[in-house]
Structure formats: structure tokens, C-alpha cells
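See structure below.
Chain letters run A, B, ... following the sequence lines, proteins first, then strands; residues in each count from 1. For the numbers below, each heavy atom of this structure counts, side chains included, while hydrogens, waters and symmetry mates do not.
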Amino acid sequence: MTNAGIELPVTKDFDLAQTLNCGQCFRWNTQPDGSYLGIALGHVLHIIETDRTVLLADCTEQEFRQIWCDYFDCNFDYGQVRDTLAHCDPVLAQAARFAPGMRILRQDPWETLVSFIISQNNNIPRITGIVDRLCNLFGESLGEFSSFPTAERLANLTENDLAPLRSGFRAKYILSAAQHVASGNVELAALRTMSIDEARQKLMTIHGVGPKVAECALLYGLHRLEAFPMDVWMKRAMATLFPNKTPTDFGEYAGIAQQYIFHYSRNNPQLFENSKQTVAIK
DNA sequence: GCCCAGGTATAAA
DNA sequence: TTTATACATGGG
């Protein structure tokens with residue numbers, strides 16, 4: 001392997017570990033040397049982070065412009081958003097300081113939708129395993145990785161075909177998503193310009209997509225930053241940290257706000273240990 | 001064995 | 001309309 005590639009400066013606004021390990025993506029593997037090897041948008045990439053730079057190894061200028069610049073949302077000023085959110089609430093300010101380098105990736109909508117269907121009532125190591133098996137079995141080989149299988153490929157399969165994934169009750173949900181997307185009933189690209197309510201309703205026509213998965217697909221897959229994928233766990237944290245606030249109070253960056261809070265709360269469980277039961281938030 | 005995992009569909013109250 | 005339970009699987 002040569003040392004050629006694209007070097008990005010390490011700044012307070014871009015931290016690889018915070019971004020890739022916060023649960024928004026499932027196809028980046030930490031290597032023994034601390035670097036990341038993964039695949040996104042059909043491209044394999046090796047990322048080596050040092051004190052001063054993030055090296056996208058063997059990445060050409062053209063590939064960076066066409067793929068990774070957009071994927072890592074390089075042209076968006078997360079520092080400014082972080083400052084804006086920090087002014088909303090002191091606890092949110094603390095949460096933002098805790099993970100200042102977290103970014104919302106611009107992932108493939110279809111892959112993201114399926115990944116978060118798989119994520120329901122599941123844990124990250126197992127989600128990763130199921131996604132890996134899905135790609136290896138039905139995707140196309142790209143060196144040491146396999147691409148994420150298309151909706152068209154999966155739409156013709158049966159639950160029995162998906163048995164090797166060991167995805168449990170989620171297999172039929174994956175097939176429903178594939179059929180809706182392949183048939184054009186759910187047109188993912190159109191969800192970018194639809195109102196957030198319409199887009200959420202459209203996604204929920206898929207069997208196995210409820211409010212949480214729909215919101216995750218909108219935030220992580222379609223970069224709708226106003227989406228707020230609150231789950232049971234998050235509601236608990238929210239109720240404790242922000243008893244008088246709703247997601248809309250955080251405006252168009254609600255999703256980013258939640259990522260900060262989620263990360264912060266998970267790593268500081270003592271902050272909400274007194275709220276044992278789920279509390280609904282409007 | 002028991003509990004839980006960034007939920008959802010379905011039945012029952 | 002709100003609340004309870006099953007759902008597949010595997011790690012801690």
C-alpha cells in the first residue's frame with residue numbers, strides 16, 4: 001500500500017471515532033492499528049487518523065470529490081451548528097462539548113433504511129453481523145468487501161432465502177422494504193424534497209417500519225437534519241435532561257442535537273439513573 | 001437460565 | 001385511543 005491519498009486536517013469539528021462509532025453506520029471496521037477499513041456507496045476505503053491529519057489512503061482527488069467529500073459532509077459547518085445548539089440549553093451545550101467532532105454522514109438511503117430495519121430490538125454487534133451476511137450473500141464482490149445488495153435483488157427473495165442472515169423476525173420486514181422500493185411504491189429520492197411528515201408516512205407504509213426506523217432513515221439516509229429518531233432509551237434521557245423541551249425546540253438541527261445527547265447520555269448513565277421508566281415526550 | 005438490545009405489529013383493554 | 005405482549009437471535 002502506498003502512502004498516497006487525501007489528507008484532511010484533524011479539527012475539533014471532525015472526529016472519526018465519534019462519527020463512525022456513534023451507531024449511525026455499520027460497515028466500518030476498526031483495525032488493530034486503530035485505523036478504519038470500510039465500504040460506503042460502493043467504494044472501499046482505508047482511513048488512518050493521526051494526531052494532525054485524517055488520511056484517506058489510496059484515494060484520488062477525483063474519488064474524494066465524487067464520493068467522500070459528500071459522504072463525510074465536508075462542506076457543512078458543524079462547528080457553527082454546534083454553537084447554535086449550545087445556545088439552546090446548557091445540558092445540550094455540555095453534550096455537544098462531549099462529542100464535538102461527531103458528524104451526520106450522507107449515507108446511501110436504501111442501505112440505511114434496511115440497516116435500521118435490522119436495528120430494531122437489536123444490538124450493534126449483531127446488527128453489524130446481519131448486515132455483513134446480507135452483503136456477502138446477495139451483494140457484489142468488491143475486493144475484500146461486498147456491496148450492499150440492491151432492492152431489486154432482494155425483492156425477489158423469500159424469507160427462506162434470508163434464513164442464513166439469522167435476522168429473525170426482521171427478514172419479512174427486509175423483504176417488504178425491498179418490494180416497496182423496487183416497485184417504486186416508495187421512491188427514496190423523492191423523500192428528500194417531501195415534507196418531513198409526508199416522508200415519514202410514506203416510509204411507514206413498509207411493513208416493519210415504524211416511527212423510529214422511519215426517522216432514522218430520514219436523518220441518516222436522507223440527511224433530513226430536522227428528523228429526530230427518538231427511541232425508548234432516548235425518551236428516558238430526554239425526559240431527564242430536558243423536562244420542558246420538545247424535539248422541535250432544537251429546530252432544523254434536531255437530529256444532530258439528538259446525536260449529541262444520545263452519545264453523551266450513553267456515556268454518562270448516572271445522569272438519568274433516577275428515571276427508571278419510559279416517559280413519553282410529545 | 002435470565003435480561004436486554006437505538007422497535008413494530010397485533011391483540012386486548 | 002392507549003397499553004400489553006410476542007417476536008428471533010445472541011452477547012453479557
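One interatomic measurement links the two molecules: OH of Tyr173(A) to P of dT9(C), which rounds to 14 Å at whole-angstrom precision. Between the CD1 atom of Ile118(A) and the P atom of dT9(C) there is a distance of 14 Å, given to the nearest Å. As rounded to whole Å, 14 Å separates atom C1' of dA8(C) from atom CD1 of Ile127(A). In this entry the distance linking CG of Asn123(A) with P of dC7(C) reads 20 Å, nearest Å.
Heavy atoms of Tyr220(A) sit under 4.0 angstrom from at least one base atom. Note on Gln259(A): a base of the nucleic acid sits closer than 4.0 angstrom, heavy atoms only. No engagement by Glu215(A) is indicated, since no non-hydrogen atom pair under 4.0 Å with the nucleic acid exists. Within the 4.0 angstrom heavy-atom criterion, base atoms lie near Arg126(A). Within 4.0 Å of Gly208(A), counting heavy atoms only, lie sugar-phosphate atoms of the nucleic acid but no base atom. Within the nucleic acid shown, Phe262(A) comes within 4.0 Å of at least one base atom, counting heavy atoms only. Using a 4.0 Å heavy-atom distance criterion, Ile117(A) is classed as making no nucleic acid contact.
With DNA chain B read from its 5' end, the first of the two nearest nucleotides for Met204(A) and Pro229(A) is the one closest to Pro229(A). Along DNA chain B, the nucleotide nearest Ile206(A) and the nucleotide nearest Gln24(A) are compared for position; the residue whose nucleotide lies closer to the 5' end is Gln24(A).
Seen from the ring of Phe76(A), Arg103(A) does not count as a face-on cation partner, given the 6.0 Å and 45° thresholds.
Using a 4.0 Å cutoff on non-hydrogen atoms, no part of residues 91-108 of chain A comes near DNA chain C.
Along DNA chain B, the stretch of nucleotides lying under 4.0 Å from any heavy atom of chain A spans, 5' to 3', dA5(B) to dT10(B).
Comparing dC7(C) with dC4(B), their C1' atoms sit 14 Å apart, to the nearest whole Å.
Remark: Glu152(A) CD is packed, more than 12 non-hydrogen atoms of other residues, nucleotides or ligands lying under 6.0 Å away.
Note on ring orientation: taking the six-membered ring where Trp is involved, the planes of Trp28(A) and Tyr71(A) are tilted (angle from 30° to 60°). The aromatic rings of Phe72(A) and Phe14(A) sit tilted, their planes meeting at an angle between 30° and 60°.
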Show your working on ring-ring contact (aromatic ring centres under 6.0 Å, His included) between Phe98(A) and Tyr260(A) and close with a plain yes or no.
-> CA-CA 8 Å; Phe98(A) 185 77; Tyr260(A) 285 137; over 10 Å; no
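Under the 3.5 Å distance criterion, the side-chain polar atoms of Arg192(A) are matched with a main-chain donor or acceptor of Leu222(A).
Judged by distance alone with a 3.5 Å cut-off, no donor-acceptor contact links the side chain of Asn122(A) to the base of dA8(C).
Residues Arg82(A) and Asp13(A) are paired through a salt bridge, judged by an N-O separation under 4.0 Å between the basic side chain and the carboxylate.
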